[in-house]
Amino acid sequence: ADYTLTISSWAPPTHGINAKMWPKFVEMVEEATDGQVTAELKLGIAPPPAQMDLIMDGAADASIIFHGYQPGRFVTTKLIELPGYEGSAEAASVAYWRAYDSFLRAADEHRGVKVIALHTHGPAQLHSNASVTSLDDISGMKVRIPGGVGGDVGSALGATGIQVPAPKVYETLASKAADGVVMPLESRKGFKLTEVAQNVYEMPGGLYRGSFAFIMNEDSFADLPEDLQKKLDDQVFGEPLSREIGKIWDEIDAEGRAATEAADGNAINEASSDDQARFATIAEEVRTKVLAEISEAGVDADAAYDQIKSDLSGN
Amino acid sequence: MSVLIQLARRLSIIPVMTACSALFILMVMTFCDVILRSAFNAPIEAATELTRILMAIMVFSVLPIVSVTNGHIAVDLTDGIFHRYRLSRARDALIYLASGIMLIWPVQRVWILAERARGYGDVTEYLSIPVYLIGWFIAVATAITALAMVIVGLMHVFSPAALRNSAE
Amino acid sequence: MTAALIGFALVLALVLVRLPIVFAMGLIGTLGFAYERGGSIFSERGLKAAMSMVGRQITDTAQDYGLSVVPLFILMGLFVNKGGMARELYAVSNAFLGHMRGGIAMATVAACGGFSAICGSSLATAATMSKVAMPEMRRYGYSDELSTASIAAGGTLGILIPPSVILVIYGLLTETSIGKLFMAGIIPGMLGILFYLFAVRWTVWRNPASGPAGERAGWAERLRALGSVWAVLLLFVLVIGGLYGAFDFEPLNLTFSPTEAAGMGAAGAFLIALFRGGLTLSSTFEVLKETCLTAAALFSVLIGAQIFSNFINLAGLPEALIAMVTAYDVSPFVVILMILGIYIILGCVFESLSMLLLTVPIFFPLVTSLGYDPIWFGIVVVVVTEISLITPPVGLNVFILKGVVGDVSTGTIFRGVTPFWIADIFRLALIVLVPVIVLYLPQQMGALGH
Ligand code: NA
Ligand code: NA
């Protein structure tokens with residue numbers, strides 16, 4: 001290859017992000033450029049919230065960020081985190097990119113870097129030591145839940161938030177410092193929740209969805225010859241990459257579910273229809289609040305929401 | 001010169017008190033968090049972000065003092081050789097000057113990163129404490145460290161006697 | 001590869017002229033990173049990239065939640081000391097072991113093992129125990145070599161005997177059961193204590209003056225001494241019990257994570273010391289101040305190590321090493337030996353966490369593809385990282401001792417550590433040759449269906 005990009009990433013090497021998503025990225029980039037551009041993965045250069053700074057200053061060429069790790073900086077990205085969407089991570093990621101293209105881009109929250117994909121993990125569910133079978137059981141629980149929309153949902157359900165970085169989730173649950181954690185099903189495998197949180201309380205559509213972006217250094221992109229830039233922009237970056245990454249989130253969620261079904265003493269309890277209806281009301285309240293926040297950031301939040309909603313129900 | 005050293009020593013009580021308070025608060029807060037959570041189901045939600053901030057305050061408040069009181073971890077395997085050839089003073093002067101000067105770039109970058117965080121409106125999760133304040137604090141503390149190391153380096157060159165007397 | 005090796009050599013050179021480690025690793029790491037990103041150490045773009053990485057390391061390392069155990073466990077150790085508990089612990093040790101040559105050093109090793117059961121970090125174990133044990137050993141006329149070495153080596157047990165920060169990270173890196181890893185660490189940890197006891201015996205056999213025998217205590221005296229350690233036991237029970245759920249009942253439900261255990265231990269030790277009248281306002285201040293100064297020095301080294309290891313990472317040294325290993329068509333066992341050799345060499349310069357982060361992603365797939373057990377490899381990796389903590393010239397546990405004790409040279413400590421280092425190599429050999437030592441307990445656990 002004539003150009004080798006350096007990818008900075010976090011999460012365990014075996015996590016889907018590193019084991020599947022970046023390899024997919026490399027594959028797509030190589031294919032689009034006939035092998036003229038490739039990339040290599042470097043782990044652990046800095047913690048997750050540092051990645052955007054590193055990319056902006058060229059300490060690496062590309063990286064993945066989780067928007068929830070930088071409260072205050074990202075508001076419009078909460079749009080995809082709202083509970084109540086139906087559909088796979090693949091469909092949601094595609095809808096997310098389209099909403100970004102037509103609405104969210106205007107807020108310019110990723111200024112300083114080139115956004116090359118937006119995606120969301122599968123629906124996040126409650127994983128707990130004790131068996132949870134109804135929404136009422138959640139009230140009073142101590143739950144590790146990320147901030148933003150997840151936090152809003154947690155407090156609406158009466159849970160007490162506990163703030164722990166993802167790699168500390170295992171020990172926090174093992175020592176019972178937290179009763180539960182809200183994460184997508186893929187973490188059952190990725191963070192070994194099958195050992196310390198045997199029970200899953202599953203709400204169709206999830207309690208929230210996490211928002212991620214793949215970002216690239218602007219100079220590294222400008223360094224590429226124009227024909228390669230065009231090929232990447234047309235065939236890889238944006239919707240195509242977002243779709244493929246969303247697909248992988250679905251894949252690893254399925255692996256997490258399979259791991260749970262295979263593990264002794266693990267159970268997945270789906271929310272009753274009554275609870276689903278009650279949760280829909282809660283989701284509605286959270287949505288109103290978050291859409292107002294997004295509007296304040298200078299984006300037509302309702303239009304963007306409607307577009308995602310219709311994209312997803314059309315799928 | 002020794003008046004200046006005395007003054008610096010007096011003033012150093014301020015950062016030391018700051019660091020000690022941060023550490024003590026960190027201990028009490030962890031204790032209260034665990035007790036409140038266990039017995040009353042009411043943990044301190046912001047405990048984690050406060051832990052982070054308190055650690056930064058603790059470490060960077062005393063960094064200048066650690067840096068000029070020979071507190072940094074170093075390998076002394078060759079001390080004997082330097083002593084034998086009467087090179088210890090030159091070596092110490094050089095090390096302090098070089099270390100102090102090489103901190104100038106990180107100070108600038110930490111400041112730039114803090115300003116960037118300010119531009120983006122970064123805040124902490126629960127208490128919405130602006131992130132740039134911590135960055136500013138770290139940048140200023142590191143700048144003081146750099147300055148203090150350069151001054152001690154210069155003293156090794158120009159007035160080693162004052163340095164020796166004050167060490168006693 | 002070449003750049004990384006030059007980087008290693010330069011760090012060694014700078015460290016040997018007494019440049020503090022943080023500055024040696026930070027400087028070379030920065031320039032190396034700039035070289036890797038910009039093609040030259042003078043490249044403006046490369047330097048900007050490097051400085052950004054450095055700036056973030058400085059702010060992020062100091063705010064790493066997981067590292068909060070470091071100052072808090074140091075603080076706990078100092079309060080334990082102020083509360084008179086260390087003296088009592090050593091009175092007991094002395095009563096039971098002091099009449100043997102090297103007995104207090106042996107008690108120190110055993111106490112390190114005990115402390116490791118409440119502390120997940122080797123650095124914190126070494127720092128705490130040096131506060132507690134060093135004055136006592138000096139009081140009993142032990143040589144500095146033996147005293148410091150028994151603490152530096154004993155402290156390494158912190159990451160093998162559960163809980164262990166390093167095992168948790170290994171489990172997450174490799175998707176290996178952390179519960180089983182913890183179980184797997186127990187027997188090798190006990191073996192570690194046993195082998196270190198032999199190392200102490202060997203040291204005093206070679207030089208009887210290094211660990212003089214005390215008077216033999218009668219059983220009445222031993223029991224009396226035992227009765228006086230209630231405060232230590234109380235603290236131990238509080239921390240261990242809280243960690244393993246012993247107080248998890250209504251209405252108390254007192255449980256805490258390993259990270260919180262540090263804060264609970266410190267607060268508990270503070271209250272006990274206060275209750276016993278061992279603390280005044282000024283002595284509390286002294287304890288806090290000392291903790292802050294030690295922690296600042298430790299965090300500085302960690303920042304330097306991270307910067308340097310980022311350069312090594314970009315320079316592709318791990319990939320080059322694995323290419324080297326796979327280039328030779330040899331038996332799996334020889335590959336394991338080569339990997340161990342590489343670890344021991346890396347151990348000269350690396351700090352445990354950076355070593356783990358750098359190498360495990362590279363070696364793990366290779367080792368498991370050869371048919372070795374992931375749990376077993378985890379323990380092997382932790383044992384070699386333990387060894388790195390006491391391998392010259394950059395042995396962090398040794399530097400901790402140097403930092404806390406002050407008036408002893410690193411050369412002295414490294415000299416004293418030699419028999420312990422050899423004991424570690426024997427233990428490593430045993431674990432590699434007889435994997436069942438590691439795998440027995442986790443297999444039992446599997447049989448019980450947990
Ligand atoms: Na331990
Ligand atoms: Na070493």
Side-chain angles (χ1 to χ4, degrees), chain B residues 16-17 19-24 26-31 33-35 37-39 41 48 51-56 58-63 65-67 69 71-80 82 91-92 94-95 98-99 102-103 105-106 108-114 134-135 138 142, chain C residues 15-23 26-27 30 47 51-52 54-56 58-59 62-65 67-68 71-72 75 242 247 251-256 260 262-264 266-267 270 284-285 288-289 291-293 295-301 392-394 396 399-400 402-403 409-411 414:
Chain B
V16 170
M17 286 302 285
C20 290
S21 312
L23 176 61
F24 195 76
L26 177 60
M27 179 186 86
V28 172
M29 184 186 69
T30 309
F31 182 80
D33 181 34
V34 169
I35 299 296
R37 183 185 69 215
S38 300
N41 214 20
T48 305
T51 299
R52 294 175 199 274
I53 295 172
L54 288 168
M55 280 163 66
M58 181 188 80
V59 169
F60 284 97
S61 295
V62 293
L63 190 65
I65 297 163
V66 169
S67 302
T69 52
H72 276 303
I73 297 165
V75 174
D76 58 4
L77 292 171
T78 53
D79 276 10
F82 280 101
R91 177 199 63 186
D92 289 347
L94 209 59
I95 282 175
S99 303
M102 75 174 87
L103 278 178
W105 287 273
Q108 288 174 345
R109 182 48 59 170
V110 170
W111 188 269
I112 292 171
L113 292 174
I134 308 155
I138 293 175
T142 315
Chain C
V15 158
L16 282 177
V17 295
R18 215 187 202 289
L19 187 66
I21 291 168
V22 43
F23 292 108
L27 177 67
T30 307
L47 283 170
M51 287 326 301
S52 185
V54 169
R56 287 298 313 209
I58 291 173
T59 46
Q63 294 182 73
D64 184 330
Y65 175 72
L67 287 177
S68 64
L72 288 170
L75 186 62
F247 313 123
L252 190 60
N253 299 324
L254 182 67
T255 54
F256 36 82
E260 293 166 336
M264 292 302 284
F270 170 70
T284 307
F285 176 69
L288 290 167
K289 178 181 170 184
T291 307
C292 291
L293 295 177
L298 285 182
F299 276 80
S300 302
V301 176
V394 182
L396 276 195
F399 296 152
I400 300 264
K402 163 73 188 159
S409 78
T410 43
F414 276 125

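Worth saying up front: this structure is predicted, and the values here are computed from it rather than measured. Every chain is numbered from 1, with letters handed out A, B, ... down the list of sequences.
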TODO: Return the minimal non-hydrogen interatomic distance between C:Pro20 and B:Ser99, and the atom names on each side.
DONE: CD-OG, 4.5 Å
Open item on the list: So for B:Arg52, is it side chain, backbone, both, or neither that comes closer than 4.5 Å to the heavy atoms of chain C?
Closed with: both
Task: Interchain contact, B:Thr51 with chain C, by part (heavy-atom threshold 4.5 Å) - done: side chain
Open item on the list: Nearest 0.5 Å, please: how far is OG1 in C:Thr59 from CG in B:Leu113?
Closed with: 6.5 Å
Open item on the list: Between C:Leu288 and B:Met27, is the side-chain contact (heavy atoms from CB on, under 4.5 Å) condition met? List the steps.
Closed with: CA-CA 11 Å; C:Leu288 290 167; B:Met27 179 186 86; over 6 Å; no
Task: Backbone of C:Leu16 reached by a side-chain donor or acceptor of B:Thr78 within 3.5 Å - done: yes
Task: Per-residue contact mode, B:Leu54 against chain C (heavy atom under 4.5 angstrom) - done: neither
Open item on the list: How close do C:Ala62 and B:Met55 get, counting heavy atoms only, and between which atoms?
Closed with: O-CB, 3.3 Å
- [ ] Go through B:Ile134, B:Leu103, B:Asp79 and name the one with the most non-hydrogen pairs under 4.5 angstrom from chain C.
- [x] B:Asp79
TODO: Might you point out which heavy atoms bring C:Met51 and B:Arg109 nearest each other, and give the distance in Å?
DONE: O-CG, 3.0 Å
- [ ] Not counting sequence neighbours, which residues clear side chain to side chain contact (heavy atoms under 4.5 Å, CB included) with C:Val15? List them please.
- [x] B:Val75, C:Val11, C:Ile21, C:Ala24
- [ ] Give, as side chain, backbone, both or neither, the part of B:Met102 having an atom under 4.5 angstrom from any heavy atom of chain C.
- [x] side chain
Open item on the list: With chain C as the partner, which of B:Ile53, B:Thr48, B:Leu63, B:Leu26 has the greatest number of non-hydrogen pairs under 4.5 Å?
Closed with: B:Thr48
- [ ] List the atom of B:Met58, the atom of C:Ala295, and the distance in Å for their closest heavy-atom pair.
- [x] CE-CB, 3.8 Å
Open item on the list: Can you give me the closest heavy-atom contact between B:His72 and C:Ser300, atom names plus distance?
Closed with: CE1-OG, 3.4 Å
Open item on the list: The test is side-chain contact (heavy atoms from CB on, under 4.5 Å); show your working for B:Ile35 and C:Met264 and say whether it passes.
Closed with: CA-CA 9 Å; B:Ile35 299 296; C:Met264 292 302 284; 4.2 Å; yes
TODO: Check B:Ile95 against C:Val17 and note the closest heavy-atom contact, atom names and distance.
DONE: CD1-O, 3.4 Å
